[in-house]
Undergrad: 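Structure in structure tokens, see below.
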Amino acid sequence: MHPCPAHTHALHSTVTETPVITTTGLTKVYRSRGREVTALDGVDLHVREGEVYGVIGQSGAGKSSLIRCVNLLERPTAGTVTVAGQDLTALAGRGPRAGKELRQARSRIGMVFQHFNLLSTRTVQDNVELPLEILGKSGKERSRKALELLDLVGLTDKAKSYPAQLSGGQKQRVGIARALAGDPKVLLSDEATSALDPETTRSILHLLRDLNRQLGLTVLLITHEMDVVKTVCDSAALMENGRIVESGTVTELLATPGSELAAALFPVSGEASGDDRTVLDVTFHGDAATRPVISQLSRTYNIDISILGAAMDTVAGRQVGRMRIELPGRYEDNVVPIGFLREQGLQIDIQGHAPALVKEGAK
Ligand SMILES: Nc1ncnc2c1ncn2[C@@H]1O[C@H](COP(=O)(O)OP(=O)(O)OP(=O)(O)O)[C@@H](O)[C@H]1O
Ligand SMILES: [Mg+2]
């Protein structure tokens, strides 16, 4: 394991209601060789101060485009991007004269890349100092700050090493230290762990989570791994075809009937044993108070209930469970028992009977 001083603090994340990243109607159309690709199709994103926000979605969904538009690495075709109260799109729209302001605003946004993007001819310390050079800081100030950041990410002993002498996880720690050089309020991370093995992935995620807690840093991260969302995110959004189709806090999502994200976060499997059966996914929070409810259901309505699958896990710091059960008879025959379960405060998703879910962005 990497030594990491940040690990010694068991702080809670303090999410406030203050918006720190807001996009409205964010649209990005790429035009190349006469072809147009709409990568973002009116994205309204709301990330609150102090939260870790995960964006997931299939390849090509527009995740990278979203993150690149948030820090204006990519110029949006339409819509607005506001970060820490500053309308970046308006700044960029003012042309070259706003260049300095935009650069300053950007220095308040840290960016971590999948392939680290370190300069191979510079030492670890010099890589971390790079943004500080661009900000015109003195040599002494740069070196003080770089060493402080290397300490924060647990790499003090590697200050004079070159990137080629580091492991993937260590390289990403340097990438993170460099992203923090401008004292950003927000950190953007595009698949920062996808080039790393599972163990290293976990240690980097814990580092991001610790930085979020220790520094009050807001983190917007893209991932294709549901485990990442489960382990570190307070909120998440699912992207499809350039739109956000579901979003919310992880606990809200888990309490949303028919949520695709919730089902992906918490997969339970098990097939119906016949046609004349009703299969329910029961989601519950806290301890296993469900079991008595299930046996009560069985007694009250004199029905045999089979448990097809169950999973229990910690999601966003809370115990959550999901159980797939089977009741004899079709859905129509089970309206009353299902009502009973819902009255007990359990969330019920009926397999093969998707509720008329009003998805965000699907209007
Ligand atoms: N510079 C570009 N020029 C033209 N089209 C682009 C450009 N960048 C992205 N696209 C297209 O925009 C769409 C969204 O791409 P984007 O990279 O944002 O997806 P993604 O969700 O990050 O995918 P992945 O998970 O594979 O990284 C895709 O159809 C992609 O081909
Ligand atoms: Mg991408």
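Start at 1 and go down the list; that is how both ligands and their atoms are numbered. Note that the structure is predicted; figures quoted are calculated from it, not measured.
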Undergrad: Can you tell me the protein heavy atom closest to atom 25 (O) of ligand 1 and the distance?
TA: Lys63 NZ, 2.7 Å
Undergrad: Any idea which protein heavy atom is nearest atom 16 (P) of ligand 1, and the distance to it?
TA: Ser65 OG, 3.7 Å
Undergrad: Any donor and acceptor pair, going by atom type alone, linking the side chain of Lys185 with main-chain N or O of Ile109 inside 3.5 Å?
TA: no
Undergrad: Among all the protein's non-hydrogen atoms, which is closest to atom 17 (O) of ligand 1, and how far away is it?
TA: Ser64 CB, 3.8 Å
Undergrad: Using a 4.0 Å cutoff against the non-hydrogen atoms of Ala61, which atoms of ligand 1 qualify?
TA: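 What qualifies from ligand 1 is 19 (O), 21 (O).
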Undergrad: What protein heavy atom sits nearest atom 29 (O) of ligand 1, and how far off is it?
TA: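 In this structure, atom 29 (O) of ligand 1 has Val37 CG1, 3.6 Å as its nearest protein heavy atom.
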Undergrad: Do the side chain of Thr24 and the main chain of Asp44 share a donor and acceptor less than 3.5 angstrom apart?
TA: no
Undergrad: Are Thr193 and Gln172 close enough that a side-chain donor and a side-chain acceptor fall under 3.5 Å?
TA: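 No - no donor-acceptor pair under 3.5 Å links their side chains.
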Undergrad: Side-chain contact, heavy-atom cut-off 4.5 Å: Val55 with Met239?
TA: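 Touching, per the 4.5 Å side-chain cut-off.
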Undergrad: Tell me, which protein residue and heavy-atom name are nearest atom 4 (C) of ligand 1, and how many Å apart are they?
TA: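 Atom 4 (C) of ligand 1 sits closest to the protein heavy atom Tyr30 CB, 3.3 Å.
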Undergrad: May I ask whether Gly57 places a heavy atom under 4.0 Å from ligand 1?
TA: no
Undergrad: Is Arg330 atom CZ crowded by more than 12 heavy atoms from other residues, nucleotides or ligands, each under 6.0 Å away?
TA: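 Atom CZ in Arg330 is not crowded, with 12 or fewer foreign heavy atoms closer than 6.0 Å.
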Undergrad: Closer than 4.0 Å and a protein heavy atom, does any atom meet both conditions relative to atom 31 (O) of ligand 1?
TA: no
Undergrad: What is the closest protein heavy atom to atom 23 (O) of ligand 1, and at what distance does it sit?
TA: Gly60 N, 2.8 Å
Undergrad: With a 4.0 Å cut-off, would you call Asp227 and Arg202 a salt bridge?
TA: no
Undergrad: Give me the residue, atom name and distance of the protein heavy atom closest to atom 12 (O) of ligand 1.
TA: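 It is Ala39 CB, 3.4 Å.
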Undergrad: For atom 26 (O) of ligand 1, what is the nearest protein heavy atom, given as residue, atom name and distance?
TA: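 The answer is Ser59 OG, 2.5 Å.
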Undergrad: Looking at Gln58, which atoms of ligand 1 are within less than 4.0 Å of one of its heavy atoms?
TA: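 Checking each atom against Gln58, I get 21 (O).
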Undergrad: So, Arg68 and Asp190, do they make that salt bridge, N to O below 4.0 Å?
TA: no
Undergrad: Would one find more than 12 heavy atoms of other residues, nucleotides or ligands at under 6.0 Å from atom CD of Gln165?
TA: yes
Undergrad: Closer than 4.0 angstrom, basic N to acidic O: yes or no for Asp126 and Arg178?
TA: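 A salt bridge is absent here (no side-chain N lies under 4.0 Å from a carboxylate O).
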Undergrad: Could you tell me whether the Mg ion (ligand 2) has an N, O or S atom of Ser65 under 2.8 Å away?
TA: no
